[in-house]
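Presented below is the structure to which this report refers.
Every heavy atom of this structure was used, including side-chain atoms; hydrogens, water molecules and symmetry mates were not.
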Protein chains: 2
Amino acid sequence: MCRTRAVLDIVGDKWALLVVRTLRDGPLRFTELKRAIDGISQRMLTVTLRDLERDGLLTRTVFNVMPPHVSYELTPMGLTLREAAAPLLEWSVAHLPAIDAARSDYDGRG
Amino acid sequence: MCRTRAVLDIVGDKWALLVVRTLRDGPLRFTELKRAIDGISQRMLTVTLRDLERDGLLTRTVFNVMPPHVSYELTPMGLTLREAAAPLLEWSVAHLPAIDAARSDYDGRG
DNA sequence: CAGTATCCTCTCGGATACTG
DNA sequence: CAGTATCCGAGAGGATACTG
């Protein structure tokens, strides 16, 4: 099995890249992330954050205060992932209309 | 729902980026792709190629000979995707060891 | 060679309810 | 606030067998 698949599991994750991108400008709290990432469920945000933490891409910092305060921040490696993923995300946004058109065309003939 | 999610559905596909990368140096036949992409099943290669064709990212050319000959080649848009994805794939290869280490470390404490 | 067809399992991920 | 726990349905994707 090609090793590249292991990292495409990160990229292919439904939410991981969006979380990484959302953290580009500095640390955020759980609720702030949830608000920023439209459509993500509480459960999936938790799971995604845990996975990214496990992979060494972000850090989780708990402040023992009331009410609880947890801060998520990209690690240096997480920042390099953000840089590497940026062109792909930009490509995606730029080519979305072209892909929609190609699909309509394809389906119209099929 | 954030529009970026729609494009991550294209890019987040388990095999799509590997197919695009494998076609970077020119057209390949079905069996050549299957051999080059370690671990992909016959079914998933078929499905992935169909999706990429539908999205206008590659072309499928059938030569009516015996035995059958089908050639897959990136479109100009497919080539731009390949360019956009290159940094991420390089990042993947470069950081795999670090991610493995982070996982072992995390699991060792958890 | 380049698929299609079928079956079947397993994981992803949403909804909901509860807690320190 | 920042989670955890539980349940559940849909669909991704692998294995296998067959075909023009």
### Message
What is the separation between atom CG on B:Leu49 and atom P on C:dA2, rounded to the nearest whole Å?
### Response
11 Å
### Message
Counting only side-chain heavy atoms from C-beta out, which of D:dA15, D:dG20, D:dA2 sits nearest to B:Arg43?
### Response
D:dA15
### Query
In Watson-Crick or G-U wobble terms, both distances under 3.5 Å, what is the partner of C:dA17?
D:dT4
### Query
Are A:Tyr72 and A:Val19 side-chain neighbours, meaning at least one heavy-atom pair lies under 4.5 Å?
no
### Message
Without decimals, in angstroms, what is the distance between B:Arg50 CZ and D:dA12 P?
### Response
17 Å
### Message
Keeping B:Thr75 on the side-chain end and B:Leu57 on the backbone end, is there a donor-acceptor pair under 3.5 Å?
### Response
yes
### Task
Please work out if B:Phe63 contacts a base, only the sugar-phosphate, or nothing of the nucleic acid, heavy-atom cut-off 4.0 Å.
nothing
### Summary
Testing C:dT4, D:dC1, C:dA2 for proximity to the side chain of B:Arg60, the answer is C:dA2
#### Entry: Euclidean distance, atom CZ of residue B:Arg29 to atom P of C:dG3 [Å, nearest integer]
10 Å
#### Entry: Nearest to side-chain heavy atoms of B:Met44, which nucleotide of D:dC1, D:dG14, D:dT4
D:dG14
### Message
Starting from A:Tyr106, can I reach B:Val47 by hopping between I/L/V/M/F/W/Y residues whose side chains sit under 4.5 Å apart?
### Response
no
### Side chain of A:Thr46 (C-beta onward), nearest among D:dT4, C:dG14, C:dG3
D:dT4
### Query
Short question: side chain of B:Thr48, backbone of B:Ala16 - any donor-acceptor pair under 3.5 Å?
no
